[in-house]
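Encoded as structure tokens, the structure appears first; notes follow it.
Sequence lines set the chain letters: A, B, ... in the order given, protein chains first and strands last, and positions in each chain run from 1.
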2 protein chains.
Amino acid sequence: MSLKHAILVLLETEPGSGYDLLKRFREHMGYFWNASHQQIYQQLKWMHEAGWLEASTEPQQGKPDRKVYELTPQGHEALLAWLAETSKPEKINDSLLVRLYGGHLRDTENIRAEMAHHRTLYEQNRAALLSIEQHYLALPKAEQQRYRFPYLTLRRGILSVEAWLDWADEVDAFLNHP
Amino acid sequence: MSLKHAILVLLETEPGSGYDLLKRFREHMGYFWNASHQQIYQQLKWMHEAGWLEASTEPQQGKPDRKVYELTPQGHEALLAWLAETSKPEKINDSLLVRLYGGHLRDTENIRAEMAHHRTLYEQNRAALLSIEQHYLALPKAEQQRYRFPYLTLRRGILSVEAWLDWADEVDAFLNHP
DNA sequence: TAATCATATGCAATTTTTTGCATAACTGGA
DNA sequence: TCCAGTTATGCAAAAAATTGCATATGATTA
């Protein structure tokens, strides 16, 4: 219900194309928001038709034209209205945990392998997030002030990934002492 | 894509009605799986038509009949096939963080109130999870062994909620020292 | 040199989820 | 006694997300 609003937040900071948004979701919001390119282009189309966004076409040689979107006053209004709403708690659907819940039906080796695979992904993710944090902490105070809210979301990502890894340690210990 | 499989896992442990499943999701899987009653009844209908489930109708006086579902051999097969698949990382879409990312457009009081509201929910959740854990730890060893996989998912819930609360402390400190 | 990855966009069909409505009785508290 | 909550199920429509397909070029790498 709020990919539209996530897009509004990103475009309010800086105008961009669908592809730009895809990269921003992946690079800066990967921990708390995920969207496919199809989803993004669909929503941009809808938002443009609804008058939330204005599009300007940048011709490029050899490649399809880049469509750069930015907020209209109506888009800005829609964003402020959404920010004023009361939010519902996050809806979590984590299939890894469903699969572990049914662990008695599985081979322990299979569980171990799945955990190891996810651990690798989480460790890569942690490294990426910590590197972004280092970059932020090296900024002058004025710049830090500017990115203070994105930084808070980054901290959430870091604490969350670390909690996952702590849990994975518990699971490994558990699987080794049945 | 896997509410069907979450239902299979629950029904494999113990047959039940749609309403039973709703309660089990809420009470035991609330941390990692959420589904509405409409969604559950729709999926049960599909799964029954697909031959994954067998239904028996328990007449009740005054109330609509209770339909108790249990796995057919095909349902069991579908579950095992799903458990053997390699799983994708969890898809997280957390609107609270999108809203915080755009915090510069908001009133600090509004952010504080939203955080306080979610904190209350997480604290209640933590208390509930810790109480289930105490219950588990009081069980005789044999019973603990039986519920070892659900217990691992419970630990995930606990670590995860605690990480959220730690983060909320950071956010509060941050909002008080701008 | 072939294959893959990154850039850049989009349609169409299907599946999944959400929202709104509908029914009906029992139970506990203000 | 009324009101809210719990038990118990479901349909229909709309919105959102996924999957599969389609196009086209430039850069890197095996």
Side-chain angles (χ1 to χ4, degrees), chain A residues 1-8 11 15-27 29 33-50 52-53 55-69 78 82 85 87-95 98, chain B residues 1-8 15-27 33-50 52-53 55-69 78 82 85 87-95 98:
Chain A
M1 185 66 189
S2 48
L3 171 56
K4 289 178 181 57
H5 302 104
I7 291 174
L8 286 178
L11 290 181
S17 68
Y19 197 71
D20 290 337
L21 290 169
L22 179 69
K23 281 188 294 179
R24 286 197 229 167
F25 277 124
R26 282 211 288 238
E27 286 163 28
M29 292 174 130
W33 203 274
N34 293 278
S36 65
H37 84 268
Q38 291 92 336
Q39 229 184 316
I40 292 170
Y41 287 117
Q42 278 167 10
Q43 293 301 316
L44 285 173
K45 191 184 169 191
W46 186 96
M47 293 164 81
H48 185 240
E49 282 164 8
W52 289 12
L53 302 180
S56 57
T57 304
E58 285 183 7
Q60 301 190 128
Q61 60 274 53
K63 295 176 188 174
D65 294 348
R66 240 171 72 89
K67 275 194 203 169
V68 176
Y69 292 94
W82 179 70
E85 281 174 23
S87 62
K88 283 179 286 186
E90 183 194 5
K91 186 188 166 182
I92 303 169
N93 282 20
D94 187 344
S95 62
V98 176
Chain B
M1 185 65 188
S2 49
L3 172 57
K4 290 176 179 61
H5 302 104
I7 291 174
L8 285 178
S17 68
Y19 197 73
D20 289 337
L21 290 169
L22 179 69
K23 281 188 294 178
R24 285 196 229 167
F25 278 122
R26 284 212 287 238
E27 286 163 27
W33 203 272
N34 292 278
S36 65
H37 83 268
Q38 291 92 335
Q39 229 183 316
I40 292 169
Y41 287 117
Q42 279 166 8
Q43 293 300 317
L44 284 173
K45 192 185 169 189
W46 185 95
M47 293 164 80
H48 185 241
E49 281 164 8
W52 290 10
L53 302 179
S56 58
T57 305
E58 286 182 6
Q60 300 189 127
Q61 60 274 53
K63 296 177 190 177
D65 294 348
R66 241 172 72 90
K67 274 195 203 168
V68 176
Y69 292 93
W82 178 70
E85 280 173 25
S87 61
K88 283 179 286 187
E90 183 193 4
K91 186 186 166 182
I92 303 169
N93 284 20
D94 187 343
S95 61
V98 176

Sorted by chain and number, sequence neighbours left out, side chain to side chain contact (heavy atoms under 4.5 Å, CB included) with A:Lys23 holds for A:Tyr19, A:Asp20, A:Glu27

B:Pro15 and B:Val68: which non-hydrogen atoms are nearest, and at how many Å?
CB-CG1, 4.1 Å

Starting at CZ of A:Arg66 and ending at C1' of C:dT9, how long is that distance when rounded to a whole Å?
12 Å

Considering only heavy side-chain atoms of B:His37, the closest of D:dT9, C:dT17, D:dT18 is D:dT9

Between atom CD1 in B:Ile40 and atom P in C:dT17, what is the gap in whole Å?
11 Å

Given atom OH of B:Tyr69 and atom P of D:dT9, what is their separation to the nearest angstrom?
8 Å

Hey, are the side chains of B:His5 and A:Val98 touching, using non-hydrogen atoms and a 4.5 Å cut-off?
no

Taking NE2 from A:His48 and P from C:dT9, how many angstroms apart are they, rounded to a whole number?
14 Å

Taking CG from A:Asn34 and C1' from D:dA17, how many angstroms apart are they, rounded to a whole number?
13 Å

Would you kindly give the OH-to-P distance between B:Tyr19 and C:dC26, to the nearest whole Å?
16 Å

Between B:Val68 and A:Gln38, just flag the one whose closest nucleotide in DNA chain D comes earlier from the 5' side.
B:Val68

From D:dG10, C:dA12, C:dT19, pick the nucleotide closest to the side chain of A:Lys88?
C:dT19

Which nucleotide in D:dA16, D:dA12, D:dT18 has an atom nearest any side-chain atom of A:Lys4:
D:dA16

Under a 4.5 Å cut-off applied to non-hydrogen side-chain atoms, are B:Leu8 and B:Trp82 in contact?
no

Is there a donor-acceptor pair closer than 3.5 Å between any side-chain N or O of A:Asn93 and the backbone N or O of B:Asn34?
yes

Given D:dT9, is OP1 or OP2 found less than 4.0 Å from the side-chain N or O atoms of B:Tyr41?
yes

Specify the separation, in whole Å, of atom CH2 of B:Trp46 and atom C1' of D:dC11.
20 Å

Measure CG/A:Leu21 against C1'/C:dT9 and give the value in whole Å, please.
13 Å

Sub-4.5 Å side-chain heavy-atom contact between A:Phe25 and A:Ile40
yes

Any idea which of D:dT9, C:dA12, C:dG10 is nearest the B:Ser17 side chain?
D:dT9

Between D:dT19 and A:Gln39, counting only base atoms on the nucleotide and side-chain atoms on the residue, is there a donor-acceptor pair under 3.5 Å?
no

Mind checking which stems touch DNA chain D? I mean at least 3 consecutive Watson-Crick or G-U pairs, both distances under 3.5 Å.
C:1-30 with D:1-30

Distance under 6.0 Å and angle within 45° of the ring axis: does B:Lys4 meet both against B:Trp46?
yes

Judged by nearest nucleotide, the residue sitting upstream toward the 5' end of DNA chain D, B:Lys45 or B:Asn93, is B:Lys45

Closest to the A:Lys67 side chain: C:dT9, C:dT17, D:dT18?
C:dT9

